[in-house]
Amino acid sequence: MNEPADRTPATDTEDGPRIKELRELAIHIATGAAEMAARMRHEGVAVAATKSSSTDVVTEADRATEQHIRELISRARPDDAILGEEGDSVSGTTGLTWVVDPIDGTVNYLYGIGSWAVSVAVVEGEPEPTSWRTLAGSVVAPRLSEVYSAGAGEGATLNGRPLRLEPHSGLSDSLVATGFGYESARRTAQGRVVAQLLGSVRDIRRMGSAALDLCAVAAGRVDAYYELGTKPWDHAAGALVAREAGAWVGGLKDDERESERMLVAANPGISKQLRAALRDAGA
Ligand code: LIP
C-alpha cells in the first residue's frame with residue numbers, strides 16, 4: 001500500500017514530547033472554542049455575511065470563535081503562524097502554522113443540525129496541504145459530545161479511546177460520505193459524479209462537515225469520504241485523525257496528496273477501487 005508522503009514515521013525521541021504537547025494544546029483550544037460556539041448557537045445565530053456565493057454564509061459565531069482561537073494560540077505560542085478560514089493569515093518565525101476552522105459545517109450550525117465542529121491543527125513547513133507535515137490536530141463536536149485528536153505517529157483517539165480501522169475490502173458494500181460546494185455549477189458536476197458512483201457502493205452519506213466526515217472514516221462509521229473543493233482548514237486536523245487511525249488519505253492518484261483538487265480518505269482495502277471508480281465517474 002503506497003501512501004502519499006505525509007505519513008510520518010513513528011516519532012523519534014525528541015519529536016514525541018513536542019507532538020504530545022501540541023496535541024494537548026490543540027485539544028484545549030478546540031474544546032474551549034466549541035463550548036463558546038455552542039453557547040452562541042443557543043443564544044441564537046446571526047448571518048454576518050456571504051462569501052463565495054449567496055449560500056456560502058459566515059455567522060457572527062464563526063468570526064467570534066475564530067478570534068477567540070487566535071487569541072488562545074497567540075497567548076500559548078506567540079511566534080507561530082496562523083491560517084484561518086475567517087481571518088487574515090498571521091506569519092510566524094517557528095516554522096509551525098496553526099490551521100483553523102472555527103465552525104466546520106456552518107450550514108448545519110445555521111439550521112440547528114448537530115453535525116458541526118471546531119477544527120484545529122498544527123503543521124510544519126509551507127502552510128500548503130500538498131507539502132506540509134501535520135504534527136497534531138483536534139476536531140471537537142460539542143453537540144455530539146465528541147472530541148477527536150491525533151498526533152503524527154502517535155495514533156488517533158475519540159473521547160480518549162484509540163481509533164484503529166478494521167480490514168474492509170468490498171467497494172460494493174462500502175458506505176461512502178461526500179460533500180458539495182457552494183457554487184451551483186460545481187454542485188451540478190459533483191452531482192453527476194455521485195450519480196455514477198451510487199451504483200458501485202452500498203450508499204452515500206452527506207453529513208455537511210469535511211472535518212467530521214474524515215473523523216467518521218477514522219471511527220469506521222463510513223468506509224470512505226471524498227470531496228472536491230475542500231479548503232486546507234476543512235481537512236487539516238481530520239485528515240491526520242483518519243491517517244493515524246489507519247486510513248489511506250490523499251488525492252485521486254497513488255502518490256497524490258490531498259488538496260482542493262480532490263480529497264479521498266478510505267479504508268486501505270477499498271482506496272484503489274474507490275479512486276478508480278471516481279476517475280471513471282469523471283471526478
Ligand atoms: C464545509 C465543508 C463541507 C462542504 C461544505 C463546506 P464550511 O465547510 O466542511 O465538506 O461540503 O460545502 O465547504 O463552509 O462549513 O466551513
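Fair warning: this is a prediction, and the values are worked out from it, not measured in the lab. Positions are given from 1 along the sequence.
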Assess whether a salt bridge exists between D213 and R221, defined as any Lys/Arg side-chain N lying under 4.0 Å from an Asp/Glu carboxylate O.
no
Residues, nucleotides or ligands: over 12 heavy atoms within 6.0 Å of E71 CD
yes
Distance-only donor-acceptor check, side chains S52 and E183, under 3.5 Å:
yes
I'd like to check the side chain to side chain donor-acceptor pair (under 3.5 Å) partners of K51; sequence neighbours left out, ordered by chain and number.
E85, E86
Charged N to carboxylate O under 4.0 angstrom, D234 versus K231?
no
Hey, are S209 and S115 close enough side-chain-wise for a donor-acceptor pair under 3.5 Å?
no
What residue pairs, at least two apart or across chains, pass ring pair (Phe, Tyr, Trp, His ring centres under 6.0 Å) with a residue in residues 193-234?
none
Checking R23 against T157: is there a side-chain donor and acceptor pair closer than 3.5 Å?
yes
Any salt bridge (Lys or Arg N to Asp or Glu O under 4.0 Å) pairs touching residues 88-115, not counting sequence neighbours?
none
Got a sec: does the CD of E166 have more than 12 other heavy atoms crowding it under 6.0 Å?
no
Just checking, R70 and W98: is the charged tip under 6.0 Å from the six-membered ring centre and within 45° of the axis?
no
Are V201 and L171 side-chain neighbours, meaning at least one heavy-atom pair lies under 4.5 Å?
yes
